[in-house]
*Asks:* 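Mind having a look at this structure? Questions to follow.
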Amino acid sequence: MRVPAPLHRTLHRTRRRLVPLALLAVVTAACAADTADTAADAGTAGTVTVYTGRHYGAEAVFDAFTAETGIEVRFTTGSDPELRERLLAEGENSPADVFMTADAANIALAADAGLLAPLDSPVLVEAIPAELRAGDGTWFSLSRRLRVIAYSPERVAEPPTTYAALGDPEWADRLCLRPGSKTYTQSLVAALIRTEGRAAAEDIVAGWVANDPIYINSDTDMLRAIAAGDCDVAIVNTYYLARLLENEDPEFPAALAWPEQDGAGAHVNVSAAAVTAAAPNPEGAQQLLEWLATAGQERFSAANLEYPAAAGAAQASVLDGFGTFVADDASVRELGDFNADAVDLFAEVGYE
Ligand code: FE
């Protein structure tokens, strides 16, 4: 099934132009408010300031922490790279105590840039498996985000079982993908480079490009495109379908397939958090991280219908319908190391 060129162009151009501007507006407004507030509050023991790349459910979780501990949480949202750049620009004067991301690469890159403070926390080390936290204690995953294959159960009898299979000619003009500017795409390809090697990863991505994908910079919109018949397969984070099933339509016409079940496992990205090197309130910040990994762990992961990071924590019940799976936890700590390679690879093979 071929999507007419005008639709392709409209989707692509609209996303590219509007999303960054909208994000910029949010960040700018939040900055203005923060600058005024934090001057008075810097160093106040009862407040923790969070820069967060997570966009869903943050407030209710922070409110629960405040209710239990009396520590107030102020937070500013933006994209992971924007907030990382901001930490770098602010340096020692940053009001941020905690950097929280929606992706593993950005927090690792922040650690590499010296923006994060290593923690000595037996609580965090016990709660979070070693593969999901930095070896030097600079950052800790708080939820797992599985990036898998979505498909139309009506039009696809046998979904692809590997990321590479999306490059099979069978999927020509039937594939929706997120642009390479998105960290989710970068981390997926970083994991492919790590596991398969650079040349093989390049072949995989070139196969996707050869299938003339529709690039859509929203996982939700890719799932809606499957429902609308504009594409038959896509790569999405599981929680986007979980949200549609839970909040919109329990019969939403898209299904998930777990890739790489005979190999490295489905790609795992994470939401992670760290105490910043310049934190005015490092004690409160560490307390927040420890709470999010323990008493607040199920609430935190369920707020966005993600999988918990802490061993033994229960997942949101809507996820039970997706079944069990083999996951590539082993790549999480190295997604930052291969980020630049992934971005470079996109340019090389003409991936948008
Ligand atoms: Fe997301």
Side-chain angles (χ1 to χ4, degrees), residues 11 15-16 18-20 22-24 26-27 50-62 75-84 99-110 132 139 141-150 163 176-191 215-227 234-248 252 254 256 259 266-273 292 299-309 315-316 318-319 322 327-328 331-332 335-336 339 342:
L11 287 170
R15 297 286 158 203
R16 269 215 166 153
L18 293 183
V19 171
L23 283 177
L24 197 63
V26 170
V27 170
V50 180
Y51 284 2
T52 176
R54 288 172 67 81
H55 294 178
Y56 300 102
E59 191 152 19
V61 175
F62 293 149
F75 67 97
T76 294
T77 60
S79 77
D80 288 352
E82 280 166 354
L83 295 172
R84 182 162 51 80
F99 181 39
M100 184 179 283
T101 64
D103 164 75
N106 279 287
I107 203 142
L109 293 172
L132 301 180
W139 57 267
S141 298
L142 295 174
S143 63
R144 295 156 80 228
R145 332 182 99 206
L146 278 289
R147 194 153 184 82
V148 306
I149 293 170
Y163 298 105
C176 280
L177 292 172
R178 205 147 173 175
S181 57
K182 181 67 187 179
T183 50
Y184 297 171
T185 314
Q186 293 169 12
S187 283
L188 168 63
V189 172
Y215 294 96
I216 300 178
N217 201 10
S218 153
D219 285 16
T220 300
D221 287 349
M222 287 195 284
L223 290 164
R224 291 194 197 287
I226 288 175
I235 301 179
V236 303
N237 286 357
T238 57
Y239 58 84
Y240 289 100
L241 181 58
R243 287 213 305 251
L244 288 167
L245 293 170
E246 185 116 307
N247 305 327
E248 195 164 304
F252 191 89
L256 300 181
H267 173 58
V268 180
N269 205 334
V270 296
S271 254
L292 289 169
R299 186 189 289 263
F300 178 87
S301 50
N304 192 32
L305 303 176
E306 294 167 46
Y307 291 92
Q315 66 190 34
V318 65
L319 303 182
F322 295 159
D328 182 21
S331 291
V332 169
L335 297 178
N339 180 268

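This is a predicted model, so every value here is computed, not measured. All ligand and atom numbering here is 1-based and tracks the order in the structure. Values below: every heavy atom of this structure, side chains too, minus hydrogens, waters and symmetry copies.
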*Asks:* Would you give the length of the straight line joining atom CZ of R147 to atom OH of Y163, rounded to the nearest 0.5 angstrom?
*Replies:*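 One gets 8.5 Å once the value is rounded to the nearest 0.5 Å.
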*Asks:* For E59, does the CD atom sit with more than 12 other heavy atoms under 6.0 Å from it, leaving out its own atoms?
*Replies:*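 Open: at most 12 neighbouring heavy atoms sit under 6.0 Å from CD of E59.
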*Asks:* To the closest 0.5 Å, what do you measure between CG (D103) and CG (L188)?
*Replies:*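 Here the interatomic distance stands at 11.0 Å.
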*Asks:* Of the options D219, T238, N304, which is the one that meets R243 in a side-chain hydrogen bond (donor to acceptor under 3.5 Å, both in side chains)?
*Replies:*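 Between R243 and the candidates, side-chain hydrogen bond (donor to acceptor under 3.5 Å, both in side chains) is satisfied uniquely by N304.
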*Asks:* What's the spacing between Y56 OH and T77 OG1 if we round to 0.5 Å?
*Replies:*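 Reported value, rounded in 0.5 Å steps: 11.0 Å.
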*Asks:* So, at under 2.8 Å, which protein N, O or S atoms would a careful student list around the Fe ion (ligand 1)?
*Replies:*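 Under 2.8 Å from the Fe ion (ligand 1) - ignoring waters, which are not counted - the protein N, O or S atoms are Y184 OH, Y239 OH, Y240 OH.
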*Asks:* Can you check whether G78's main-chain N or O pairs, donor with acceptor, with H55's side chain at less than 3.5 Å?
*Replies:*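 Yes; at least one donor-acceptor contact below 3.5 Å.
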